Amino acid sequence: MTEAAALPGRPRGAVVSGPATERAVNVLAPNPSAMTLDGTNTWVLAEPDSPLAVVVDPGPLDEGHLVRVRDTAERLGTRVALVLLTHGHPDHAEGAARFAELTGAPVRALDPALRLGEEGLSAGQVVTVGGLELRVVPTPGHTGDSLSFHLPADRAVLTGDTVLGRGTTMVAHPDGRLGDYLDSLRRLRSLTVDDGVRTVLPGHGPVLDDAQGAVEFYLAHRAHRLAQVETAVEDGYTTPAEVVAHVYADVDRSLWPAAELSVRAQLEYLSGHGLI
């Protein structure tokens, strides 16, 4: 067994631009950081032999990257007909308006403020472009406007920041809420159990070839962290900063501000359920 195969979700290894499934090609944005991992994965999706493509998360406002995304679609023999956003964080959505100028494609998102065009997105909606079918899956929690996109033909799901290819994600309190996030993970687990989803195409990090294993890991991780936070409060660590320093001592300090957002969400969840 390879090292990657032993990790949750069976990540493929290095994050590279190129084909990931029969219908999905990644274009990796040049914005690596502790928060964005290797950079933002911008996904170009098209049905084989179709003249039309969908781009999910154009990424940051980086002209070179946006041009590469457009050119990637053209090399596939397609024209970008639609842009979809998983959520509004700048590393996913900041380049959307400029990308729309480059391609002439409308931008659809859950948040009306992010749309360019008259159509939005809603739970359970089926988006069809050039024979490609994407099903809109509401997955709030990381942010209030987070969506995933189920690609049935490839037994895959594009998860934005809800499930990453490496590590775990934050709940961006107060917009993100832990109860919503746990419900979203359960919704994704149902896709793996009931709808045959096997592959996660994440917003950051490598492709995961064991979607169910990845989601189960996330659920277990959240339960473990929640128990740790509850115990920390019982032991007298009452402020979010104190809880982070105690519970997240093994995490890179550069990530503590993000961890504090998650802790605030966890404290709100525990308080709302009468557990602290």
Side-chain angles (χ1 to χ4, degrees), residues 9 20-24 41-47 50 52-58 80-89 92-93 96 100 105-164 169 171-172 175-203 207-208 210-216 218-219 222 265:
T21 67
E22 186 177 4
R23 293 164 179 81
N41 294 328
T42 294
W43 294 102
V44 180
L45 310 175
E47 196 68 19
S50 172
L52 302 178
V54 175
V55 166
V56 176
D57 290 350
V80 178
L82 179 64
V83 177
L84 301 177
L85 299 178
T86 61
H87 64 297
H89 279 169
H92 293 258
V107 178
R108 295 174 66 179
L110 183 63
D111 183 351
L114 299 171
R115 301 171 188 167
L116 292 172
E118 305 210 351
E119 288 190 272
L121 294 169
S122 58
Q125 186 174 10
V126 177
V127 177
T128 305
V129 174
L132 181 83
E133 179 183 295
L134 289 168
R135 299 175 184 173
V136 180
V137 183
T139 48
H142 169 67
T143 61
D145 68 332
S146 287
L147 297 171
S148 295
F149 299 105
H150 177 199
L151 179 54
D154 283 347
R155 295 188 176 183
V157 61
L158 294 91
T159 53
D161 283 355
T162 299
V163 173
L164 304 178
T169 197
V171 178
D175 180 40
R177 300 173 65 87
L178 181 59
D180 290 342
Y181 186 65
L182 295 174
D183 287 342
S184 293
L185 291 177
R186 297 183 189 108
R187 194 170 294 120
L188 290 174
R189 181 172 58 186
S190 293
L191 286 181
T192 71
V193 174
D194 301 329
D195 295 282
V197 167
R198 297 178 178 174
T199 304
V200 173
L201 305 176
V207 172
L208 300 175
D210 177 12
Q212 185 174 349
V215 175
E216 294 288 1
Y218 264 65
L219 284 165
R222 280 295 162 196

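Since the model is a prediction, treat every value here as computed from it, not as a measurement.
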Identify each donor-acceptor pair in which a side-chain atom of residues 137-151 lies under 3.5 Å from a protein atom, sequence neighbours left out, and give them as a table.
| from | atom 1 | to | atom 2 | distance (Å) |
| --- | --- | --- | --- | --- |
| Thr139 | OG1 | Ser148 | N | 3.2 |
| Thr139 | OG1 | Ser148 | OG | 3.1 |
| His142 | ND1 | Thr169 | OG1 | 3.4 |
| His142 | ND1 | Met170 | O | 2.8 |
| His142 | NE2 | His89 | ND1 | 3.3 |
| His142 | NE2 | Asp161 | OD2 | 3.2 |
| Thr143 | OG1 | Asp145 | OD1 | 2.7 |
| Thr143 | OG1 | Ser146 | N | 3.3 |
| Thr143 | OG1 | Ser146 | OG | 2.6 |
| Asp145 | OD2 | Gly88 | N | 3.1 |
| Ser146 | OG | Thr143 | N | 3.4 |

Revision key, fill the gap. Taking every heavy atom of Ala214 against every heavy atom of Val163, the minimum-distance pair comes out as CB-CG1, 4.5 Å

Exercise for review: Would you sort out whether Leu134 and Val126 count as a side chain to side chain contact (heavy atoms under 4.5 Å, CB included), showing the intermediate values?
Suggested key: CA-CA 6 Å; Leu134 289 168; Val126 177; over 6 Å; no

Exercise for review: Taking all heavy atoms of Ala105 and all of Val83, pick out the closest pair and write down the distance.
Suggested key: CB-CG2, 4.1 Å

**Study point:** Any donor-acceptor N/O pair, Trp43 side chain to Gly203 backbone, under 3.5 Å
**Key:** no

Practice item. Answer yes or no: is there a side-chain heavy-atom contact under 4.5 Å between Val127 and Val54? Key: no

Check your understanding: Within the distance-only criterion (no hydrogens, no angle test), does the side chain of Tyr218 pair as donor or acceptor with the backbone N or O of Leu182 below 3.5 angstrom?
Key -> no

**Study point:** From CG (Leu132) to CG (Leu45), nearest 0.5 Å
**Key:** 6.0 Å

Check your understanding: Under a 4.5 Å cut-off applied to non-hydrogen side-chain atoms, are Leu201 and Thr159 in contact?
Key -> no

Exercise for review: Return yes if some donor-acceptor pair links the side-chain N/O of Glu216 with the main-chain N/O of Gly213 below 3.5 Å, else return no.
Suggested key: no

Practice item. Go through the steps to decide whether Leu188 and Thr162 satisfy the test side chain to side chain contact (heavy atoms under 4.5 Å, CB included), and finish with yes or no. Key: CA-CA 10 Å; Leu188 290 174; Thr162 299; 3.9 Å; yes

Check your understanding: Is the side chain of Thr21 donor-acceptor paired with the backbone N or O of Ala24 at a distance under 3.5 Å, no angle test?
Key -> yes

Check your understanding: Can you list the steps and then say if Val207 with Val200 is a side chain to side chain contact (heavy atoms under 4.5 Å, CB included)?
Key -> CA-CA 6 Å; Val207 172; Val200 173; over 6 Å; no

Point to revise | Non-hydrogen side-chain atoms of Val55 and Leu82 separated by less than 4.5 Å | key: no

Revision key, fill the gap. Of all heavy-atom pairs linking Ala265 and Gly176, the shortest is CB-O, 4.4 Å

Point to revise | Side chain to side chain, Gln125 and Arg135, heavy atoms closer than 4.5 Å | key: no

Name the atoms and distances for all side-chain donor-acceptor pairs under 3.5 Å in residues 107-121, with sequence neighbours left out.
| from | atom 1 | to | atom 2 | distance (Å) |
| --- | --- | --- | --- | --- |
| Arg108 | NE | Gly120 | O | 3.0 |
| Arg108 | NH2 | Gly120 | O | 2.9 |
| Asp111 | OD1 | Ala113 | N | 3.0 |
| Arg115 | NE | Ala109 | O | 2.8 |
| Arg115 | NH2 | Ala109 | O | 3.4 |
| Arg115 | NH2 | Leu110 | O | 2.8 |

Point to revise | Gln212: partners by side-chain hydrogen bond (donor to acceptor under 3.5 Å, both in side chains), with sequence neighbours left out | key: none

Point to revise | For the student: nearest non-hydrogen atoms of Arg186 and Leu219, plus distance | key: CG-CD2, 4.3 Å

Check your understanding: Considering residues, nucleotides and ligands other than Arg222, do more than 12 of their heavy atoms fall under 6.0 Å from its CZ?
Key -> yes

Revision key, fill the gap. dist Leu208:CG -> Arg198:CZ (nearest 0.5 Å) comes out at 15.5 Å

**Study point:** Donor-acceptor under 3.5 Å (Thr42 side chain, Pro58 main chain)
**Key:** yes

